Amino acid sequence: MDRYSEITNKKQREIVLLKSFPCIWGKCSFCDYILDNSDSEEEINKLNFEVLENITGKYKVLEVINSGSCFELPKATLAKIKDIIKEKNIERLFLESHWSYKNRIQEMREYFEVPITFKIGVESFDYDFRNNFLNKNAKFKSVEELKTYFDSPCMMVGIKGQSKDMIDKDMDIVLNNFDHATINVFVNNTSDVKRDDEIVNWFVNKYKELLDKNPNIEVLYNNTDFGVGE
């Protein structure tokens, strides 16, 4: 498991994949990342402290991810991150959270005392597909409601059951409403949700050149393209 990397093409930054307590929701139909979670605070902090030692501050931007939300990181890990931000002169932080924590987002912004780009796993702006098929439990009704709390949506493409029309609408929303977004091309995992290669090929042919040129949109064609994970 690679837990430290550098993102050097767009939005240059260091990135760490930390361990956390179990995801507050943990029921998304496509997700098996939560297998990385633990109930042992001692184990979590020990590993996280070792990973965090890799941070140099060279880009002055840090992204912290875990298999869930940043709110599931132990207090000691959060305090260590805050110390490193000050020691390494980090000027911007990227964090991710589930919609369930929307009312605590400002709390985290105030805690770290640096600008935060808050990501959220939207997967699709199609309400029914997002909540009934993917079981995201992210029941916002509009882009405006989402933007009240979060800055950067993480989208998913290439799932059986997803249509080209859904993806076209998602790309239109992302490109016209956000300063940053991540597009994840679905890769088969241990869940029952399956990749649709026909949809993936269509998406790549239609959008790859456009998205690759856009400095604000990051595309993960494989889930380890940021250099962390396995």
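None of the values given here were measured: they were computed from a predicted structure.
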Checklist entry - Parallel, tilted or perpendicular for Phe186 and Phe30, by the 30°/60° rule? => result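 Answer is perpendicular, since the angle exceeds 60°.
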Heavy atoms, side chains only, cut-off 4.5 Å: are [X] and [Y] in contact?
{"X": "Glu87", "Y": "Ile55", "answer": "no"}
{"X": "Tyr149", "Y": "Trp99", "answer": "yes"}
{"X": "Asn184", "Y": "Cys154", "answer": "yes"}

Quick one: closest heavy-atom pair of [X] and [Y], and the distance?
{"X": "Ser97", "Y": "Phe118", "answer": "CB-CE2, 3.8 Å"}
{"X": "Ser38", "Y": "Lys19", "answer": "CB-CD, 3.9 Å"}
{"X": "Glu14", "Y": "Tyr4", "answer": "OE2-OH, 2.5 Å"}
{"X": "Ser20", "Y": "Asn66", "answer": "OG-ND2, 3.1 Å"}
{"X": "Asp2", "Y": "Leu17", "answer": "O-CD2, 4.1 Å"}
{"X": "Arg3", "Y": "Val228", "answer": "C-CG1, 3.7 Å"}

Checklist entry - Step by step, would you call Leu95 with Phe112 a side chain to side chain contact (heavy atoms under 4.5 Å, CB included)? => result CA-CA 11 Å; Leu95 294 176; Phe112 282 113; 4.0 Å; yes
Checklist entry - Is the Lys NZ or Arg CZ of Lys147 less than 6.0 Å from the centre of Phe178's six-membered ring, within 45° of the axis? => result yes
Just by distance, do the side chain of [X] and the backbone of [Y] share a donor-acceptor pair under 3.5 Å?
{"X": "Arg109", "Y": "Ile116", "value": "yes"}
{"X": "Arg130", "Y": "Lys136", "value": "no"}
{"X": "Asn37", "Y": "Ser67", "value": "yes"}
{"X": "Ser152", "Y": "Thr117", "value": "no"}

Next on the checklist: Taking CG in Asp192 as the centre, count heavy atoms belonging to other residues, nucleotides or ligands within less than 6.0 Å. Is the count above 12?
Outcome noted: no
Checklist entry - Can you tell me if CD on Glu145 sees more than 12 non-hydrogen neighbours from other groups inside 6.0 Å? => result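 Yes, CD of Glu145 has more than 12 neighbouring heavy atoms, counting only those of other groups under 6.0 Å.
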Item to check | Verdict with reasoning, Glu42 to Lys46, per salt bridge (Lys or Arg N to Asp or Glu O under 4.0 Å) | outcome: CA-CA 6 Å; Glu42 181 179 358; Lys46 182 177 183 298; over 6 Å; no
Please tabulate, for side-chain N and O atoms in residues 72-86, each donor-acceptor pair with protein atoms closer than 3.5 Å (sequence neighbours left out).
unit_1	atom_1	unit_2	atom_2	d
Glu72	OE1	Ser69	N	2.7
Glu72	OE2	Ile24	N	2.8
Glu72	OE2	Tyr101	OH	2.8
Thr77	OG1	Asn45	OD1	2.7
Thr77	OG1	Asn48	ND2	3.2
Lys80	NZ	Glu53	OE2	3.4
Lys82	NZ	Tyr111	O	2.9

Item to check | Gap between atom CD1 of Ile15 and atom CD of Glu6 - 0.5 Å precision | outcome: 11.5 Å
Checklist entry - Is there a salt bridge (Lys or Arg N to Asp or Glu O under 4.0 Å) between Glu218 and Lys10 once you walk through the steps? => result CA-CA 7 Å; Glu218 297 180 299; Lys10 299 180 182 180; over 6 Å; no
Item to check | Residue pair Lys11, Glu63: steps toward the salt bridge (Lys or Arg N to Asp or Glu O under 4.0 Å) verdict | outcome: CA-CA 10 Å; Lys11 305 291 183 185; Glu63 179 163 3; over 6 Å; no
Next on the checklist: As a quick check of understanding, evaluate side chain to side chain contact (heavy atoms under 4.5 Å, CB included) for Lys139 and Tyr127, giving each step before the final call.
Outcome noted: CA-CA 7 Å; Lys139 298 182 178 180; Tyr127 186 94; 3.4 Å; yes
Checklist entry - Got a sec, which residues hit salt bridge (charged side-chain N to carboxylate O under 4.0 Å, His left out) with Asp165, two or more places apart in sequence or on another chain? => result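 Asp165 satisfies salt bridge (charged side-chain N to carboxylate O under 4.0 Å, His left out) with Lys169 only.
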